[in-house]
Amino acid sequence: MVWKEQRFEELTTDELYKIIQLRINVFVVEQEAYYEDLDDHDQNSIHITYEEEGKLIAYARAVPPNEKYENMASFGRVIILPEARGTGLAQELLKRVIAVTKREWPEYDLFIQAQAYLQNFYGKFGFKAVSEPYEFECLPHIDMICKSDKLL
């Protein structure tokens with residue numbers, strides 16, 4: 001069981017392949033969302049991964065301020081492998097990605113485009129909805145912000 005935080009240039013080709021494969025398997029195949037996965041933000045993001053016995057189980061990327069959103073840091077592509085859901089791994093992943101953003105960009109608020117059904121989950125981490133639900137990448141989403149001084 002290994003947690004890692006890596007910048008893009010630190011990823012091996014095998015690690016990058018596993019990340020892309022997991023994102024496609026969950027978002028495109030499982031959730032039937034058609035979206036631009038390779039969006040040119042991976043190169044500047046910090047990638048948080050969790051592996052067991054060489055298998056990628058959990059993933060998220062922390063996105064620096066002004067990379068996607070003006071004057072705000074972000075994170076996204078949050079994934080837990082289907083067979084590992086309901087184990088508490090999602091909470092651990094969120095704690096780790098929030099810790100990365102606090103460490104790297106402490107003065108910035110954190111903005112996310114959350115899948116709408118996860119609004120209450122992110123709310124437990126201090127995020128507040130700042131939009132009505134809307135369709136994005138083929139799924140209902142909602143914009144949420146956590147002020148930098150409220151990050152857990």
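Both backbone and side-chain heavy atoms feed into the values below; hydrogens, waters and symmetry mates do not.
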task = Go through the steps to decide whether Leu89 and Ile57 satisfy the test side-chain contact (heavy atoms from CB on, under 4.5 Å), and finish with yes or no.
result = CA-CA 9 Å; Leu89 201 52; Ile57 306 294; 3.4 Å; yes
message = Apply side-chain contact (heavy atoms from CB on, under 4.5 Å) to residues Ile79 and Arg23 and explain how you reach the verdict.
response = CA-CA 7 Å; Ile79 304 172; Arg23 292 186 337 197; 3.5 Å; yes
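Phe27 and Leu38 fall within a single hydrophobic cluster, where Ile, Leu, Val, Met, Phe, Trp and Tyr side chains are chained together by heavy-atom contacts under 4.5 Å. Both Val78 and Val28 are members of a single hydrophobic cluster when ILVMFWY side chains are connected at heavy-atom separations under 4.5 Å. No single ILVMFWY cluster, assembled from side-chain heavy atoms under 4.5 Å apart, contains both Tyr17 and Ile19.
Annotation for Glu92 and Arg96: closest pair OE2-NE, 2.8 Å, computed over non-hydrogen atoms. Taking each heavy atom of Tyr108 and Ala73 in turn, the nearest pair found is CB-N, 4.0 Å. Nearest heavy-atom pair across Pro82 and Val26 is CD-CG2, 4.4 Å. Ser45 approaches Pro64 most closely through the heavy-atom pair CA-CD, 4.2 Å. For the residue pair Tyr134 and Ile142, the shortest heavy atom distance occurs at CE2-CA, 3.9 Å. The heavy-atom pair separating Asn71 from Asn66 by the smallest distance is N-OD1, 2.6 Å.
Note: Phe8 and His47 have tilted aromatic rings, judged against thresholds of 30 and 60 degrees for the angle between ring planes. Below 30°, between 30° and 60°, or above 60°: for Tyr50 and Trp3 the angle between ring planes is between 30° and 60°, a tilted geometry.
Using a 4.5 Å heavy-atom threshold, the side chains of Leu94 and Phe121 count as touching. Using a 4.5 Å heavy-atom threshold, the side chains of Tyr122 and Ile112 count as touching. For the pair Thr87/Ile80, no side-chain contact is recorded, criterion being any heavy-atom separation below 4.5 Å from C-beta on. Between Gln6 and Ile46 there is no side-chain heavy-atom pair separated by less than 4.5 Å. Considering only heavy atoms from C-beta on, Arg103 comes within 4.5 Å of Glu5 through its side chain. Ile98 places a side-chain heavy atom less than 4.5 Å from the side chain of Phe127. The shortest distance between side-chain heavy atoms of Val100 and Lys95 does not fall below 4.5 Å. The shortest distance between side-chain heavy atoms of Asn44 and Val63 does not fall below 4.5 Å.
Atom OG1 of Thr101 and atom CG of Leu110 lie 4.5 Å apart (nearest 0.5 Å). Rounded to the nearest 0.5 Å, atoms NZ (Lys55) and CG (Leu22) are 9.5 Å apart.
Counted by atom type alone, Gln43 and Glu9 present zero donor-acceptor pairs between their side chains at under 3.5 Å. Side-chain contact check for Glu51 and Tyr59: no donor-acceptor pair (N or O, by modelled atom type) lies under 3.5 Å. No hydrogens or angles considered: nothing links the side chains of Gln119 and Tyr117 as a donor-acceptor pair under 3.5 Å.
Under 4.0 Å is where a charged nitrogen must lie from a carboxylate oxygen, and between Arg77 and Asp42 no such pair does. Here Glu30 pairs with Arg85 in a salt bridge; the nearest charged N to carboxylate O distance falls below 4.0 Å. Using a cut-off of 4.0 Å between Lys/Arg side-chain N and Asp/Glu carboxylate O, Arg61 and Glu67 are scored as not salt-bridged. The existence of a salt bridge linking Lys102 and Glu107 is excluded, since no basic side-chain nitrogen approaches an acidic carboxylate oxygen closer than 4.0 Å.
A donor-acceptor distance shorter than 3.5 angstrom exists from the side chain of Asp109 to the backbone of Ser148, with no hydrogens or angles considered.
Of the listed residues (Lys18, Gln21, Glu15), just one forms a side-chain contact (heavy atoms from CB on, under 4.5 Å) with Leu56, and that residue is Lys18.
Counting non-hydrogen atoms of other residues, nucleotides and ligands closer than 6.0 Å to CG of Asp39 gives a total above 12. Applying the 6.0 Å contact sphere to CD of Glu53 captures no more than 12 heavy atoms from other residues, nucleotides or ligands. Counting heavy atoms of neighbouring residues, nucleotides and ligands inside a 6.0 Å radius, atom CD of Glu135 exceeds 12 of them.
Judged as a ring-ring contact (aromatic ring centres under 6.0 Å, His included), and not counting sequence neighbours, the contacts of Phe136 are His141.
Met72 shares a hydrophobic cluster with Tyr69, Phe111, Val130, Ile145; the chain of contacts runs through ILVMFWY side chains whose heavy atoms sit under 4.5 Å apart.
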